[in-house]
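Position 1 is the first residue of the sequence, and the numbers go up from there.
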Amino acid sequence: MKSLINEFEKSKKIKVNIITGKSDEFIERLKLEGVNSEADILLTTDIARLSRAKDNNLFKKVNSKILKKDIPSIYTSKDNDWFGLSIRARPIIYSKERVNINELKDYQQLADKKWKGRICMRSSSNVYNQSLVASLIANNGKRATADWAKSVVANMARDSKGNDRAQILAVAAGEADIAVANTYYHALMLSGKKGSEQQAAAKKVIPFFPNQQDRGTHMN
């Protein structure tokens, strides 16, 4: 974002101060600071964190013709108090060696017994998984999603641990055959910026974009 911010500072003659860190910590900080906060913008990931901030009355409505014109309404709050700038796909990541692409279809399929002992995934406390589950509830209902979640847990190859890259590494190492992870983690590993070991691991797996016959792959 550096070039964008530099251009803004140059054209608007406004100095921008950026503080980076964990989103949940910022939300708590904004709540505590209240009207004394010096923050103007909260840039965060995922609808869950946006909803959390909104529920705590941290946002105000923005009336911008530019935002309304350039950002599709499906990626904005109906109250115009947040606007989505990017989307991140959360597909199924599978082993090239042990999984045939024809075995894969949709997220619901992860509950099938054929995947018992073959799935790894981040903890249910992870915001990306919470949003995925929320979308399943919206599309399939609470009871069906609860049953699905129990079956997925029963199919886990190991206890949940680590981030999305850790799940990809586990599949590459043969600890599991499929995982659910955001695509940019895989792309980052493939780039080599995380080291040759992670790059080699990323080459052993492929992302599969599920639910192409109905609602499509979940997007954060």
Side-chain angles (χ1 to χ4, degrees), residues 1-9 12 14-91 107 121-139 142 145-146 149 152-153 159-168 179-188 193-194 217-220:
M1 294 184 64
K2 186 173 177 58
S3 59
L4 179 65
I5 291 168
N6 288 344
E7 181 62 30
F8 176 83
E9 290 181 327
K12 300 296 184 182
I14 296 173
K15 179 74 174 76
V16 177
N17 297 310
I18 301 177
I19 302 175
T20 59
K22 300 293 184 181
S23 295
D24 290 335
E25 293 174 5
F26 284 137
I27 290 173
E28 287 304 311
R29 175 175 171 175
L30 291 171
K31 284 168 57 180
L32 292 171
E33 291 178 346
V35 295
N36 297 316
S37 175
E38 295 183 357
D40 295 308
I41 295 171
L42 174 66
L43 184 63
T44 183
T45 59
D46 200 85
I47 184 66
R49 293 193 179 108
L50 290 169
S51 296
R52 197 172 302 156
K54 182 173 180 175
D55 289 344
N56 283 282
N57 298 314
L58 300 182
F59 296 153
K60 68 177 183 180
K61 293 183 180 181
V62 177
N63 185 21
S64 167
K65 292 181 179 179
I66 294 174
L67 288 174
K68 289 180 180 179
K69 172 179 174 291
D70 292 344
I71 300 179
S73 60
I74 61 171
Y75 302 129
T76 68
S77 161
K78 65 179 185 300
D79 297 321
N80 291 327
D81 51 12
W82 60 256
F83 295 81
L85 298 179
S86 65
I87 52 179
R88 299 173 170 188
R90 192 162 183 76
Y107 293 111
M121 199 182 304
R122 286 174 81 156
S123 167
S124 59
S125 63
N126 172 251
V127 70
Y128 300 139
N129 282 342
Q130 290 174 357
S131 292
L132 173 60
V133 169
S135 72
L136 289 169
I137 290 172
N139 284 276
K142 288 184 178 180
T145 303
V152 171
V153 170
D159 291 337
S160 297
K161 59 181 179 179
N163 59 16
D164 278 13
R165 282 199 304 275
Q167 314 314 311
I168 295 171
V180 176
N182 288 0
T183 47
Y184 67 91
Y185 285 99
H186 184 231
L188 185 62
K193 292 181 179 179
K194 291 298 178 179
T217 300
H218 175 65
M219 308 295 285
N220 289 316

Around atom CG of N63, are there more than 12 heavy atoms from other residues, nucleotides or ligands closer than 6.0 Å?
no

Test applied, side chain to side chain contact (heavy atoms under 4.5 Å, CB included); reference residue, V62; option that passes from N80, T76, L67:
L67

When rounded to the nearest 0.5 angstrom, what is the spacing between CZ in R49 and CD in Q130?
9.0 Å

How far apart are the C-alpha atoms of L188 and R165, what are their side-chain angles, what is the distance that settles it, and do they pass the side chain to side chain contact (heavy atoms under 4.5 Å, CB included) test?
CA-CA 9 Å; L188 185 62; R165 282 199 304 275; 3.9 Å; yes

Going by side chain to side chain donor-acceptor pair (under 3.5 Å), name the residues that satisfy it together with D46, two or more places apart in sequence or in a different chain.
S131

Can you tell me which residue pairs pass the salt bridge (Lys or Arg N to Asp or Glu O under 4.0 Å) test with a partner in residues 50-63, sequence neighbours excluded?
D24-R52, K54-D79, K54-D81

Working for side chain to side chain contact (heavy atoms under 4.5 Å, CB included), residues Y128 and V180:
CA-CA 10 Å; Y128 300 139; V180 176; over 6 Å; no

If you round to the nearest 0.5 Å, how far is OG of S86 from CG of N220?
9.5 Å

Should we count CD1 of I66 as having more than 12 external heavy atoms under 6.0 Å?
no

Just how far is it from atom CZ of F83 to atom CG of D70, taken to the nearest 0.5 Å?
11.0 Å

Nearest heavy-atom contact between T20 and F26 is C-CZ, 3.6 Å

The criterion is side-chain contact (heavy atoms from CB on, under 4.5 Å); which residues satisfy it with Y75, sequence neighbours excluded?
I71, P72, I87

Donor-acceptor under 3.5 Å (Y107 side chain, H218 main chain)
yes

With a 4.5 Å heavy-atom cut-off, do N129 and S123 have their side chains touching?
no

List the residues meeting salt bridge (charged side-chain N to carboxylate O under 4.0 Å, His left out) with K15, not counting sequence neighbours, and say none if there are none.
E9

Euclidean distance, M219 CE relative to S135 OG, rounded to 0.5 Å:
11.5 Å

Under 3.5 Å, is there a donor-acceptor pair between the side chain of T145 and the main chain of L136?
yes

CE of M1 to CG of N6, rounded to nearest 0.5 Å, is 11.0 Å

Tell me which one of R88, R90, R122 satisfies side chain to side chain donor-acceptor pair (under 3.5 Å) with N182.
R90

A53: which residues meet the side-chain contact (heavy atoms from CB on, under 4.5 Å) condition with it, sequence neighbours left out?
I27, L42, L58, F59

So do the side chains of D164 and Y184 get within less than 4.5 Å of each other, counting heavy atoms only?
no

Using the salt bridge (Lys or Arg N to Asp or Glu O under 4.0 Å) rule, collect all pairs that involve residues 25-36, keeping only residues at least two apart or in two chains.
E28-K31, R29-E33

CG (N163) and OH (Y185) are apart, to the nearest 0.5 Å, by 6.0 Å

